[in-house]
Amino acid sequence: MELPLLAALREDGSIDPDLDPKFDGEILLLLFRKMVFLRALDEKGQHLQRAGRIGFYIGAAGQEAAEIGSGFALRKGDWVFPSYRDQGAALMHGYPLPSLVGQLFGNSKDLTKGKQMPNHWCDRALCIVSVSSPVATQLPQAVGAAYAARMRGEKTAVIGYFGDGGSSTGEFHAAMNFAGVFRTPNVFFCSNNQYAISTPFARQTASGSVAAKAAAYGIEGVRVDGNDVLAVYTVTRRAMERASEGSGPTLVEAVTYRMGSHSTSDDQARYRSAEEVEEWGRKDPIRRYGGWLKKKGLLTDQDEAEASSSAREEVQRAVAACESAPPVPRESLVEDVYAEMPWHLSEQLEWIREPIAR
Amino acid sequence: MELPLLAALREDGSIDPDLDPKFDGEILLLLFRKMVFLRALDEKGQHLQRAGRIGFYIGAAGQEAAEIGSGFALRKGDWVFPSYRDQGAALMHGYPLPSLVGQLFGNSKDLTKGKQMPNHWCDRALCIVSVSSPVATQLPQAVGAAYAARMRGEKTAVIGYFGDGGSSTGEFHAAMNFAGVFRTPNVFFCSNNQYAISTPFARQTASGSVAAKAAAYGIEGVRVDGNDVLAVYTVTRRAMERASEGSGPTLVEAVTYRMGSHSTSDDQARYRSAEEVEEWGRKDPIRRYGGWLKKKGLLTDQDEAEASSSAREEVQRAVAACESAPPVPRESLVEDVYAEMPWHLSEQLEWIREPIAR
Amino acid sequence: MTAMTLVQAINDALALEMERDPRVVLLGEDIGKNGGVFRATEGLWARFGPDRVIDTPLAEQGIVGMAIGMALNGLRPVAEIQFSDFIYPAFDQIVSELAKFRYRSAGQFTAPVVIRTPTGGGIKGGHYHSQSPEAYFIHTAGLKVVMPSTPADAKGLLASAVRDPDPVIFLEPKALYRTAKGEVPEGDFTVPLGKARIARAGEDVTIVTYGAMVQVAEEAAALAVKEGINPEVIDLRTLWPMDIEAVIRSVERTGRAVVLHEAPRTCGFGAEISALVQEKAFLHLKAPVARVTGFDTPFPYSLEKLYIPDAGRLLGAIRAAVDF
Amino acid sequence: MTAMTLVQAINDALALEMERDPRVVLLGEDIGKNGGVFRATEGLWARFGPDRVIDTPLAEQGIVGMAIGMALNGLRPVAEIQFSDFIYPAFDQIVSELAKFRYRSAGQFTAPVVIRTPTGGGIKGGHYHSQSPEAYFIHTAGLKVVMPSTPADAKGLLASAVRDPDPVIFLEPKALYRTAKGEVPEGDFTVPLGKARIARAGEDVTIVTYGAMVQVAEEAAALAVKEGINPEVIDLRTLWPMDIEAVIRSVERTGRAVVLHEAPRTCGFGAEISALVQEKAFLHLKAPVARVTGFDTPFPYSLEKLYIPDAGRLLGAIRAAVDF
Ligand SMILES: Cc1ncc(C[n+]2csc(CCOP(=O)(O)OP(=O)(O)O)c2C)c(N)n1
Ligand SMILES: Cc1ncc(C[n+]2csc(CCOP(=O)(O)OP(=O)(O)O)c2C)c(N)n1
Ligand SMILES: [Mg+2]
Ligand SMILES: [Mg+2]
């Protein structure tokens, strides 16, 4: 039972009426600029890492439509349980660039005090939950958060982001199954970028698609063209509304491609062919959406160039504002373990207070 | 996509030709006697526990068709990864009654030296793997054992038993997914007895059936009437052959009912209605199969009575032969932790060697 | 005051906390209509309804993961793991997530979850219904670990755990569920976390223990007295962060310490207590800190009585400490 | 002899064991074509084929569960867990299954599985790429736990682990993968499990450590010598069952012991070593057994250097032990 792959953007500049979000030109352009911005941010992140100015970076090149389209579908008050690759969705949900960049440097500009690696940010005020590295652990948590929201009668929904590799974890299974049983207001958004580091999707599961797994939990499953920002928006938005209306959870699979290496620690050339990468490169979601906007006369080459140059400048400004900030205080090493510092951590504080003679 | 519920036995004494194992009268009767035997064994186990002669017991009343039918479908050399409720399948695979009963008493007649609770037996020679209590942990292990068998070019298959509750575990998910990806010679046999202790199947998952989950892993899924011994046999046998021929794994769901409490520690009356239990009682697999055999003139009331009395006697003999055996040696407490006893366990042996003055 | 068993005291605390605070919800396997396999949640499903007393599918990682999400979003979940032997499927959620949320978000996100779970031997449960996993959780920074030994403490400590801003692993000595009976204050009642209880005052040797072993310590103490040895018995109640002052103060007086627990010896909590005592009271020690513990084996079925430390084994260690 | 890095020595051992024994198979995430994220299995997929060097889906419980089943049925699987921080999803398979098969079946079924996993800090990996989980496994009866500190030991210990009849958790100090270089015997070479190595002989204080901390101990020892203190450094190599004689023999001579590890302090392996030393060498001790360890916090990102014990902190403890 192959699920159809939903797409909105057509070669000829028209749109599938069933998936048309009916945006005006301004919003259509905004989405384009956000995609361009995300690409610029990720490029900068990689450069900063290569230059040794930050320790690590994970980019989403090729997945901008999935990130921006789904992130724009979120409503104020919706909770987000992101993975380490979802800075795009977070920015769309209001996460401030300075916070994001500060976290990359892990210095006093990092609102989380340098506790975690780059790409592991959060924002309580925006209900953007702290990213952790273990794959898919956020999914059952998203079910609990959704249960809590519904219990208070809130009309919000909770989205959990994950990847194709994440669909193999026990956490995924538990989350989908609990969501199906409790019919929680959840959307599970899988960016199927065809790889888990070096592992191709065909090696990840024999099910053919991630969305097909929804039936195993009695929940809704949708497959959408993850390189089609408008289709992703519409599908995600409908799923969020469905959830908050009490019509049940949805598993959304955005079929896309990780155009770069997994992270700055990875080298994609070791395990996949240049041809394959090129072929998907032709489906680059930014190029594709840009071309569509041009066909509609909403975008010029000049707008495009301006979008990326202003994006680079904005990122550059954020970096400049953070990079030279002072480091986090030594004491923060033993803070935030418990609400109040217990005796043993007060003792351990002495290990770093006392300057030790060398 | 509801899967059909396969049944062989018909009210009128005929059989569905597609599921007819084409057994002669002798084998048809043998299966009946084995089902009766299993019922008698389980009753004895419960009596022994109530009388305080053993510590615990788990019976399979109502699931005899699933146990005997699937167990009879196993071939010499096939590996079995059972759960704690599968003594019936184990006996069919050749597990000797004296070993089983000895394990209940956990004394020197227990080939596993009283290490585990009742219902946690094993037999290396028969490739019947040691039962453990944690639900479904045996399933990914079954995948590994099947991979090993295939690697050596053996024409065997590996069956993993579990329950409807087990289908919610991460172990189930990992096992099915790995089996689908590696196309290992596995059969996953789920006795869906409608309950996980007190939790009804509808609360366990929203998928409607366990077999429906097979599609999420690209493996074969079959739903069979678990109270129809011949249908269970045929479906399981075909799945085992399919597996050992290299045609891939199968998830078999035997739809049945746990007619008794979960175990001697449980009281079903707390969570389900007498009506429900009665209704399923009318589908008692022994009554049903017996009635079918009688319609065919293969069974008389007298045979039936004789079958259960001889079963009770055989069980009684086994109990008598084990019950008064001496206890396991104290030293066995620290044996079998490692191949060779390390220094710290030799030291700990002293804790029990020294008679401690009171 | 009312006489209650330990499991009744747990039930009483849960009912009162749910009364007091609508954010408190319970979730776990068979805790609803069935009232839990040990009946700890008996009657709560009928009283508070299925939305607050939640029967879950069979997946501990789902139970704990869901509880974390509930706590992140303002509820006060109390998760039951049917036996602590079955907590391992949730180990990643506990160690990687529950314990680290406050730290990794620098306090932005906190997960005040209580995980209740029946622990320890004494019911002929073999490998998988008898384990004492406290050391795994004590070693995990960010968790609090609690284990009561009396009905009153069970009620008061559980109430404190539910109100605590940090995640608490609440280990319930299942051997005492029905055997431990005692007077329990009625209505709202808390026992502070982090404070030990002197179960028996003495001056010759300090026995540091918790949970079901407190009774064994008292038994052994009674035997020791007959031999002219007067032990002090400390019931830690909160295992971690532990009441270090109470232990050190006592050892400074007695000069001898014996740690008693059911869990396997190697890298058990006894090792930590032994290390702490000799670090902080070295010059007071007249004998090495002794450990009386379970064996470094899986928990056996037939030889359970041999496995669980008894008054005899403890008395041997007390004598050895005094005669050292 | 050839000069190799530690990760090259691991790779060499795996290749030789696969050559020697067709039952040896490797499984894990990204270990095939990609050669593992640290390149420990580089070239083995091409050489031994995808049936023996198995890329798995992303599920540690599946990897370990499958490895157990392979071992039960006659193979000698070596599972790679990409980072030891991601071993927790497999914790139930390890603790409930892998560690208990021999015992629960009274020797009928055994699971000689090796789980290799990069461990410890030093790569700016933060919470989830830096942890040292050895204590969880040392506390689990039925497991052996090994951690090399030199390329030669990495090769020899891994070969022994693959041939061992019991399950082995093989912890690889990732900080040393490329920084530790040394001469490694060519061809078949084993180092016995259970035997420690005297990394540096001395008489004033015994430093007991393992893995990446051995270098820190040697550094501190060099500094101590300048102050007239001559420490002995013991590299345990096999953490459990540990070489108790080597440690006690040394402490009986030096009268002082400092345990050094990266893992959090509370209920860490240092607690067990401290407890054992004072139980077995109490009357030889001139100072309390000291512990120099990681902090009881999640592993931090920006303050990593502060978290990991360095020669300065160790030297402070050495001085304190000598001046006690
Ligand atoms: C439980 C766990 N195992 C292993 C890893 C190491 N790891 C980090 S990312 C990754 C691949 C994840 O792939 P996918 O889920 O498809 O997400 P993507 O990186 O493609 O966005 C792996 C194996 C991890 N973080 N967590
Ligand atoms: C991981 C785990 N969690 C909880 C338990 C406690 N428990 C024992 S049997 C059982 C129900 C299992 O139901 P099912 O899988 O349907 O098998 P059945 O008992 O019905 O044959 C539970 C929850 C366990 N053994 N293992
Ligand atoms: Mg991916
Ligand atoms: Mg069931």
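Below, chains carry the letters A, B, ... as their sequence lines are ordered, and counting in each starts from 1.
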Measure distances from D:Pro22 to the heavy atoms of chain B and classify the residue's part below 4.5 Å as side chain, backbone, both or neither. backbone
What distance do D:Arg104 atom CZ and B:Ser132 atom OG have between them, rounded to the nearest 0.5 Å? 4.0 Å
Could you check whether any side-chain N or O of B:Tyr338 sits under 3.5 Å from a backbone N or O of D:Leu143, counting only pairs where one atom can act as donor and the other as acceptor? yes
Nearest 0.5 angstrom please: D:Glu97 CD to B:Thr137 OG1, how far? 3.5 Å
So what's closer than 4.5 Å to chain B heavy atoms on D:Val64: side chain, backbone, both or neither? neither
Quick one: pull up CD in B:Glu171 and CD in D:Gln93 and give me the separation to the nearest 0.5 Å. 4.5 Å
Under a 4.5 Å heavy-atom cutoff, which of B:His344, B:Lys113, B:Glu335 has the most pairs with chain D? B:His344
With a strict 4.5 Å heavy-atom criterion, list every residue of residues 139-157 of chain B that contacts chain D, or say none. B:Pro140, B:Gln141, B:Val143, B:Gly144, B:Ala145, B:Tyr147, B:Ala148, B:Ala149, B:Met151, B:Arg152
Heavy-atom pairs under 4.5 Å with chain B - which of D:Phe109, D:Phe101, D:Trp240 has more of them than the others? D:Phe109
CG of D:Asp51 to CZ of B:Phe182: how many Å apart, nearest 0.5 Å? 10.0 Å
To the closest 0.5 Å, what do you measure between OG (D:Ser105) and CD1 (B:Ile128)? 13.5 Å
Among residues 156-170 of chain D, which residues come closer than 4.5 Å to chain B, judged by heavy atom distances? D:Pro165, D:Asp166
Using heavy-atom distances under 4.5 Å, tell me whether D:Leu27 contacts chain B through its side chain, its backbone, both, or neither. neither
Any non-hydrogen side-chain atom of D:Leu72 less than 4.5 Å from a side-chain atom of B:Phe81? yes
Inspect the contact between D:Lys280 and B:Glu347 and indicate whether a charged nitrogen and a carboxylate oxygen are less than 4.0 angstrom apart. yes
